[in-house]
2 protein chains.
Amino acid sequence: MEKRTPLAVSNAINKVMAFSLAGEHETVSIHESYGRYLAEDLIADHAVPPFDRSPYDGFAIRAQDSIGAKKETPVAFRVITEIGAGSVYNGKVGENEAVRIMTGAQIPDGCDAVIMLELTKQYEKDGQPFFSISHEYKKGDNISFQAEDVEKGTSLIQKGTYINPGIVALLATFGYANVRVARRPKIGIIATGSELLEVGDELKPGKIRNSNAYMMISQVVRSGAEPVYFGKLADNFDQCYSFIKEKVEGVDFLITTGGVSVGDYDYLPAIYEKLGAAVLFNKVGMRPGSVTTVAELDGKLLFGLSGNPSACYVGFELFVRPIVRTYLFSERPHLQKISAILGASFVQPNSFARFIRGKLEFENGKLIVNPVGLDKSNAVSSLAEADCLIVLPGSTRGYEIGWEVDVLLLGEETGCPDPWGE
Amino acid sequence: MEKRTPLAVSNAINKVMAFSLAGEHETVSIHESYGRYLAEDLIADHAVPPFDRSPYDGFAIRAQDSIGAKKETPVAFRVITEIGAGSVYNGKVGENEAVRIMTGAQIPDGCDAVIMLELTKQYEKDGQPFFSISHEYKKGDNISFQAEDVEKGTSLIQKGTYINPGIVALLATFGYANVRVARRPKIGIIATGSELLEVGDELKPGKIRNSNAYMMISQVVRSGAEPVYFGKLADNFDQCYSFIKEKVEGVDFLITTGGVSVGDYDYLPAIYEKLGAAVLFNKVGMRPGSVTTVAELDGKLLFGLSGNPSACYVGFELFVRPIVRTYLFSERPHLQKISAILGASFVQPNSFARFIRGKLEFENGKLIVNPVGLDKSNAVSSLAEADCLIVLPGSTRGYEIGWEVDVLLLGEETGCPDPWGE
């Protein structure tokens with residue numbers, strides 16, 4: 001049996017990322033752009049606001065005409081016309097004249113202040129509308145100036161960014177009826193293991209239902225890629241070999257779970273060898289997921305993740321997700337790393353880096369992170385609750401409650417350029 | 001013109017939530033369950049692990065046979081058979097006998113410890129496989145015990161919970177090939193305003209492109225509902241009235257944006273009156289979004305959000321999202337509220353509660369929140385960057401850098417039962 005040397009997590013990730021590549025563009029309607037990733041920078045095709053505009057319902061005036069307005073000496077204005085949002089008044093506004101203006105409407109030429117409706121006293125004289133005010137106004141009061149939000153030509157959002165509702169608003173504002181987004185890479189998923197039943201099957205002695213495949217289908221979708229589930233295989237070398245050889249053709253990346261343990265039933269290394277794939281590593285100094293294997297076949301990455309649910313989950317987030325996000329043009333492809341206060345002790349030292357499924361709590365502006373559920377590689381209950389992974393680097397001593405530790409956020413879109421850089 | 005009295009935000013939300021109702025169930029395949037909301041509790045149909053199982057590749061033994069094993073006095077075991085994952089050994093294991101066992105396989109009857117493969121010295125004697133060990137093992141060593149992760153019958157996840165990849169793993173584990181999820185409520189969206197161009201249109205004087213509708217389509221999807229976009233309407237009472245009257249029939253909730261300002265062009269209150277809808281409120285003590293109007297027609301909620309993008313965005317998250325989430329069976333329907341340290345001062349006092357678009361930063365286990373972009377109700381640039389809303393309650397004084405404030409998280413699935421409760 002082959003002796004495996006564990007690689008440090010950061011080295012393993014670097015080895016994988018050396019084969020990362022940017023993906024392809026495709027065009028979707030703005031209706032379908034939410035949740036995709038920008039394939040080009042979002043550029044402002046005009047200033048926002050595109051013209052000086054009124055933020056309130058009220059009256060546009062020339063500020064100079066309001067000089068001297070006080071409670072005791074109110075100043076009167078004659079309302080010469082009114083304009084709704086979307087309309088433009090092209091006439092002249094003279095001394096002590098005003099234009100009734102609606103929210104969002106363009107400020108008439110010559111006017112330079114807006115008075116809120118509520119601050120006027122309206123009346124009629126000689127059948128004409130008038131109002132008076134008891135405060136002075138300065139030039140620019142209550143005007144949303146052209147370009148104060150965004151200048152024309154500004155690059156607002158970088159390519160590779162997740163399209164959230166605010167970005168959709170920007171896309172609409174700047175006329176992107178169609179949006180260039182990153183094509184979702186296709187990720188093939190194969191579950192291996194003679195112990196696996198299908199989800200709909202009754203339990204049998206020694207067997208468990210296949211949960212990894214469905215978990216990973218969801219992780220693939222969450223990462224921004226498109227899952228292609230090829231089904232499950234029993235532990236049989238020839239069958240696995242020809243199946244993988246066939247399926248790898250039609251996808252951008254291939255994930256297998258199971259079959260990568262240290263035992264005699266561990267076919268994957270032999271399958272990779274027969275395929276002619278170069279194994280980047282077959283053991284990582286981490287728990288769970290130490291038996292993660294990654295290989296490269298003509299530039300295409302094959303991920304051999306553990307059959308244990310938690311190990312599989314962590315392996316996906318650490319190794320597959322950043323590859324997907326780079327494909328989607330992100331420059332922050334890794335899980336976001338933040339620091340938090342440990343809410344529990346981990347007394348047992350471990351020479352391998354540990355990734356503990358955790359949940360963050362916010363207490364008075366501080367971040368506390370607690371482990372959730374049972375911290376074993378075969379546990380599934382904790383994955384449901386976890387919103388982060390607590391990183392405990394390999395050490396000759398344990399970790400104690402109250403210590404500051406690194407935490408990787410799950411299901412978060414900001415990401416991180418390189419959490420392993422320091 | 002009608003005089004409007006602003007309602008406190010918490011009162012306004014309570015008025016809306018009084019009309020909240022739980023929705024309907026539907027069944028989807030587990031393949032499509034990711035991102036939906038559970039309509040019933042997720043129950044464990046069996047224990048996890050379902051049997052005592054090996055977490056490692058190695059040898060199952062009777063711990064008592066290892067007594068006395070030391071470096072100087074290793075103890076030998078004869079390997080009587082081997083079992084792969086998914087197989088079961090039903091034979092007897094006698095004194096100093098061992099069974100070669102793979103990760104995940106069921107522990108044979110009589111065995112009560114597993115020795116990791118790496119810690120054995122394997123050899124052959126008389127053509128039979130043997131190994132020796134130089135440590136003692138205790139009963140239970142390296143065994144994943146039946147039910148240690150989950151006991152049969154446990155209610156693992158509450159209905160109303162967002163189905164993340166970990167929950168999908170649980171659904172698969174417990175045989176949910178089909179999953180009962182909440183039906184997505186249909187939310188109609190109508191944009192009103194004569195100033196609105198379509199996204200594909202060239203800009204014209206006084207006009208802006210319709211961004212709210214597309215932003216809200218995305219917010220509706222993010223909230224867990226199904227958007228039905230009915231298009232945009234000019235500011236025309238009769239047209240708006242008959243259109244709204246017709247469209248409200250086919251949806252669970254209806255949102256309009258625009259037409260709810262304080263001006264003469266503000267048709268919505270009159271439309272609600274003609275429809276026979278009861279207006280819950282037409283002004284809220286908040287910025288942006290003070291002119292938010294909500295009405296109820298035969299138990300169906302009609303949301304009249306501001307035409308200003310930021311006001312519309314905030315109005316949706318505060319009023320519509322919790323209604324959607326309650327419909328999806330959540331008991332934590334509101335945006336999650338946490339506390340963070342203000343990274344900037346807001347010197348200007350404001351009698352209305354303010355919801356500032358912000359971005360959280362994690363610094364050494366502390367949460368800092370900074371405002372993003374231009375904080376005006378008509379700004380769109382800041383919505384793209386924001387991951388939270390900074391809550392500044394109405395006050396006669398401003399807020400200073402370093403103060404602790406409440407923050408509402410955007411695009412987060414945990415939620416909160418009632419952020420306005422205190």
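The chains referred to below are lettered A, B, ... by the order of the sequence lines, with proteins before strands, and numbering in each begins at 1. Because the structure is a prediction, the values reported are computed rather than measured.
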For this session: Please round to the nearest 0.5 Å and tell me the distance separating atom OG1 of A/T161 and atom CD of B/E385.
Result: 10.0 Å
Exercise. What residue, out of B/A386, B/A169, B/A105, has the most heavy-atom pairs lying under 4.5 Å from chain A?
Worked result: B/A169
For this session: Against chain A, label B/E195 side chain, backbone, both or neither, depending on which of its atoms sit under 4.5 Å from a heavy atom there.
Result: both
Seminar exercise, completed: To the nearest 0.5 Å, atom OG of B/S310 lies from atom CE of B/M215 at 7.5 Å
For this session: Decide side chain to side chain contact (heavy atoms under 4.5 Å, CB included) for B/I338 and B/Q336; before the verdict, give the C-alpha distance in whole Å, the side-chain angles of both, and the deciding distance to 0.1 Å.
Result: CA-CA 7 Å; B/I338 63 173; B/Q336 196 187 349; 3.9 Å; yes
Exercise. If you count heavy-atom pairs under 4.5 Å with chain A, which of B/G35, B/P50, B/S194, B/S211 comes out on top?
Worked result: B/S211
Seminar exercise, completed: Counting heavy-atom pairs under 4.5 angstrom with chain B, the leader among A/L197, A/N212, A/I208, A/I163 is A/I208
Problem set entry | Heavy-atom contact with chain A under 4.5 Å, split by part of B/F51 | side chain
For this session: With side chain to side chain contact (heavy atoms under 4.5 Å, CB included) as the test, would you mind laying out the steps for B/V407 and B/L360 before giving the verdict?
Result: CA-CA 9 Å; B/V407 161; B/L360 287 165; 4.3 Å; yes
Problem set entry | Structural part of B/P205 lying under 4.5 Å from a heavy atom of chain A | both
Seminar exercise, completed: In terms of heavy-atom pairs under 4.5 Å with chain B, the winner among A/K366, A/Q219, A/R222 is A/R222
Problem set entry | Structural part of A/T414 lying under 4.5 Å from a heavy atom of chain B | side chain
Problem set entry | Residue among A/Q106, A/E198, A/E404 with most heavy-atom pairs under 4.5 Å to chain B | A/E404
Problem set entry | Residue pair B/T103, B/D57: steps toward the side chain to side chain donor-acceptor pair (under 3.5 Å) verdict | CA-CA 5 Å; B/T103 306; B/D57 278 297; 3.2 Å; yes
For this session: Tell me, out of A/G104, A/G58, A/G86, A/G200, who's got the most heavy-atom pairs with chain B below 4.5 Å.
Result: A/G86
Exercise. Atom CZ in B/R100, atom CE in B/M102: separation rounded to 0.5 Å?
Worked result: 3.5 Å
For this session: Decide yes or no for A/L171 and B/Y214: does some side-chain heavy atom of the first lie under 4.5 Å from some side-chain heavy atom of the second?
Result: no
Exercise. Given the options A/G166, A/S87, A/P165, A/A177, which has more heavy-atom pairs under 4.5 Å with chain B than any of the others?
Worked result: A/P165
Problem set entry | Heavy-atom proximity to chain A below 4.5 Å, by part of B/Y176 | backbone
Exercise. For chain B, which of A/T154, A/D45, A/L410 has the most heavy-atom pairs under 4.5 Å?
Worked result: A/D45
For this session: Determine whether more than 12 heavy atoms belonging to other residues, nucleotides or ligands lie under 6.0 Å from atom CD of A/E151.
Result: no
For this session: Would you mind checking which part of B/E413 comes under 4.5 Å of any heavy atom in chain A, side chain (CB onward), backbone (N, CA, C, O), both or neither?
Result: neither
For this session: Describe, in one word, how the ring planes of B/H46 and B/F174 are oriented to each other, choosing from parallel (under 30°), tilted (30 to 60°) and perpendicular (over 60°).
Result: tilted
Exercise. Do other residues, nucleotides or ligands put more than 12 heavy atoms under 6.0 Å from B/K359 NZ?
Worked result: yes
For this session: Under 4.5 Å, counting heavy-atom pairs only, tell me which of B/V168, B/N210, B/L42, B/V150 racks up the most with chain A.
Result: B/V168
Problem set entry | Interchain contact, B/A340 with chain A, by part (heavy-atom threshold 4.5 Å) | backbone
For this session: Counting only heavy atoms closer than 4.5 Å, note whether B/L203 contacts chain A via side chain, backbone, both or neither.
Result: side chain
Problem set entry | Region of A/I167 that comes under 4.5 Å of a non-hydrogen atom in chain B | both
Exercise. Mind checking whether A/H31 and B/Y229 have parallel, tilted or perpendicular rings, split at 30° and 60°?
Worked result: tilted
